[in-house]
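Structure first, commentary second.
Just so it is clear, the structure is predicted and the values come from calculations on it, not from any experiment. Order of the sequence lines sets the chain letters (A, B, ...), proteins ahead of strands, with each chain counted from 1.
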Amino acid sequence: MIIHGIINGNYSGRHRGHRVPKAQSRKKLLKRFCFALRLSSYSYITQGRKIMDILQGLNPQQRDAVTHINGPILVLAGAGSGKTRVIIYRIAHLLSQGISPKHILAVTFTNKAAAEMKKRIEQFNETMDINGLWINTFHSASLRILRAHYPKKNFTIYDESDKSTVVKAVLKETNYDVKPNSVGSFISQCKNKMQTPSNHKPINFWEERMLNCYKLYQEQLEKHNGLDFDDIIMKTIHLFQESPQVLSHYQTRFNYLMVDEYQDTNYSQYLLIRMLAEKHHNICVVGDDDQSIYGFRGADISNILNFEKDYPSIKTVRLEQNYRSTKPILDTANRVIEFNRNRKGKQLWTEKTVGAKVEFRLLRNEHDEANFVVRTISEAMSRENRKLIDFVVLYRVNAQSRVLEDAFRMANIPYTIVGGMSFYSRKEIKDILSYLKIIVNPLDAVALKRIVNVPSRKIGASLVEKLEKYATINNLHLFEAMEKAELIDTLSDTQVKAVERFIKLIKKFMAIKDTMSISKLLNMLLLDSGYLESLKQEKTEEDKDRIENIKELVNVAVEFESKEQGIGLEDFLGSISLVANIDLWDDSSCVTLMTLHNVKGLEFPYVFLTGMEEGLFPHINSLNSDNIEEERRLCYVGMTRAKEKLLMTAASSRKLYGYGTGMPSCFILEAGIR
DNA sequence: TTATGATGGCTTTTT
DNA sequence: GCCATCATAA
Ligand SMILES: Nc1ncnc2c1ncn2[C@@H]1O[C@H](COP(=O)(O)OP(=O)(O)OP(=O)(O)O)[C@@H](O)[C@H]1O
């Protein structure tokens, strides 16, 4: 059976995540995966090119920003005005001026954007060495710094699901009846604001309980030597605060700082940059206050709006020409965003004064909507000679993708979905990565408990409980308790044997981990742990897929090793933890489906904005919490992705939790579409 | 220890 | 309305 859709290694929950890309698509996924992992610097020599050449392809304002080398600079400009281009050209220009790549740090929003930027800079064809140039996300840059200086270097990274595991354990312990998610986001918010359990004062009972959860959670993480995503930034700042010489090292090293998408930075990220820029103030940030869409995870527009307060000598550059969209699209987007009150208004014009008009279609239900999208794409392909990669279908929530996906599959149109169940969150991948985590960091009890009995080794829940009890009483880590299994008198002989066998397995790999390549280690692990064998025994389709996925992970390791010489297991694990859905995106000959959040920074000739209904978009929660401005910005982001055609749709009735109001979104009215 | 039904959760999500 | 997770029973 050939499945046209799932090409990207993303799996909608529809088939309970068991559906897997076929062979050809796997290769693609692999390629992309490795590309996304190419995070650190590497050497690259190119042929000469003059400064003037670099400055060509820029308008006077952009040139102004690019050639302003020393001192703080803010580029505050609307969508598609060439802000990202400024950063790319600025780096190329700095290098052409003889500035060492080692002195440059550029921060992007995603790994994909970082990789893209690096590629573009290489293409400048200068005789320049970009060895030592850092283009990273906040997280991957911070991770590199922590790896080099954190006291306990073998820490492992806790992803959202690991975090949730710990939070649930904490809730069980405290008997609090609150949703794990709300605790998780409370903790996140605190960390984003640099609040530790001790320096945060609770203002009410609820906060007091939350704070208690935070405290217990953090104790667990410290004990396991695990860092969650927010810790990566927070701990880097703590490191800088506690070790002035480390901070000083990076302040001197990174003489030129640049941040893209600055409007979506949170407080901790702001602080990190401010610390690094403190000595020289050579900082260039670019962004658009109208495109701040990550408020829900702590992003704070005032970072960009108040930027000048920290740097009084700032040079501010406005870019006013939009190079992306036609006038009808730009006008529509501008009309909508002008309904926001909390913004710095800006002018935007385009040379593309003629273009297809922006359309809105109200369909009967979500199936009609999906079929309409599919039909419109087929027609545009045959009539206007459009290609699959010209299209993007956007939606507010991931749950909307299912119906669209079905329609694409029915119509046999290749598509790819960004988001949903990704490769690295699959069970078998997480299992194998957990083995690796323990080998690196045996204190990681989340990883340990995850695989201690996978495949089954007769170390079930009750036995683990006994071990944990022993560990707690004797103030030991779970792993240490397991090492001492023979001393625990509540265990039977067979139980002791089972535990000892497991410990022996792990210790063997701990001893050899640095003596061989990661892929070789992985292959050995797959055999010795019995993991592969246990899958081979079960002959279901699902298990075959799992084996394929595991093979793919081995390939990722092979690829990774060939790119990065002398890479350690820690670095491999770290890089994998920081790979985002959008980093894995590859649009080669398919239509792309994704959420509005994921599309930020991208552009497409033909954009569908689906589910334009009151309650869905703007989302009901934002209406309740008086946060419609962020929704409107999201709408602005979506609209301004379109180069040539913007087509919005809504459904009068929709079967999707409580969203079915059927009323067209207020944004449609604001856009002035009849 | 695994299969099953009940339960609750449901925005975006980093990374 | 749909799905994942969890507790329970076989
Ligand atoms: N001076 C220029 N001349 C021609 N094309 C340009 C120029 N500057 C930018 N562009 C093109 O305009 C498009 C948008 O540029 P870019 O992505 O840098 O804008 P942006 O401001 O970062 O956009 P957004 O904020 O919407 O993500 C790109 O296709 C880019 O190649």
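For the pair Asn621(A) and Ser577(A), both in contact range of DNA chain B, the more 5′-proximal nearest nucleotide belongs to Asn621(A). Mapping Ile459(A) and Asp230(A) onto DNA chain B via the closest heavy atom, the residue that lands nearer the 5' end is Ile459(A).
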Below 3.5 Å is the cut-off: list the nitrogen or oxygen pairs between protein and nucleotides 6-8 of chain C, distance only.
residue: dC6(C); atom: OP1; partner: Lys168(A); partner atom: NZ; Å: 3.4

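Counting 5' to 3', DNA chain B first comes under 4.0 angstrom of a heavy atom of chain A and last does so at the ends given by dT1(B) to dT15(B).
Looking at heavy-atom distances under 4.0 Å, Glu630(A) makes no contact with the nucleic acid at all. Looking at heavy-atom distances under 4.0 Å, Glu631(A) makes contact with a base. Residue Asp159(A) is out of contact with every strand shown, counting any heavy-atom pair closer than 4.0 Å. Within 4.0 Å (heavy atoms only), Thr110(A) reaches sugar-phosphate atoms of the nucleic acid but no base atom. Among the protein residues, Phe109(A) comes within range of the sugar-phosphate backbone only, with heavy atoms under 4.0 Å from sugar or phosphate atoms but none that close to a base.
Classification of Glu261(A) and Lys600(A) as a salt-bridged pair holds, one side-chain N sitting under 4.0 Å from a carboxylate O. The residues Asp406(A) and Arg402(A) are annotated as not salt-bridged, no charged nitrogen and carboxylate oxygen being separated by less than 4.0 angstrom. Taking the charged nitrogens against the carboxylate oxygens, Asp260(A) and Lys83(A) have no contact shorter than 4.0 Å, which rules out a salt bridge.
Atom C1' of nucleotide dC3(C) and atom CG of Asn398(A) are separated by 14 Å, given to the nearest angstrom. Between Asn365(A) atom CG and dG1(C) atom C1' there is a gap of 14 Å when expressed in whole angstrom units. If you take NE2 of His367(A) and C1' of dG1(C), they are 11 Å apart, rounded to a whole angstrom. Distance CG (Asp406(A)) to P (dC2(C)): 12 Å, rounded to an integer number of Å.
For the atom pair Phe617(A) CZ and Arg632(A) CZ, the distance stands at 10.0 Å (nearest 0.5 Å). Rounding to the nearest 0.5 Å places NZ of Lys168(A) at 12.5 Å from OH of Tyr217(A). Atoms OG1 and CG, on Thr595(A) and Leu593(A) in that order, are 10.5 Å from each other to the nearest 0.5 Å.
For Lys449(A) and Thr165(A), the side-chain atoms include no donor-acceptor pair closer than 3.5 Å.
Glycosidic conformation of dT11(B): syn, with the torsion inside 90° of 0.
Comparing the C1' positions of dC6(C) and dT11(B) gives an interatomic distance of 24 Å, to the nearest angstrom. Comparing the P positions of dT12(B) and dT5(C) gives an interatomic distance of 15 Å, to the nearest angstrom.
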Report task. Apply salt bridge (Lys or Arg N to Asp or Glu O under 4.0 Å) to the pair Glu613(A) and Arg654(A), showing each step before the final yes or no. Result -> CA-CA 10 Å; Glu613(A) 296 138 42; Arg654(A) 185 182 295 274; 2.6 Å; yes

Query raised in the report: Between Glu631(A) and Arg396(A), is a salt bridge (Lys or Arg N to Asp or Glu O under 4.0 Å) present by the stated rule, with each step listed?
Result: CA-CA 10 Å; Glu631(A) 294 287 299; Arg396(A) 181 64 179 82; 2.7 Å; yes

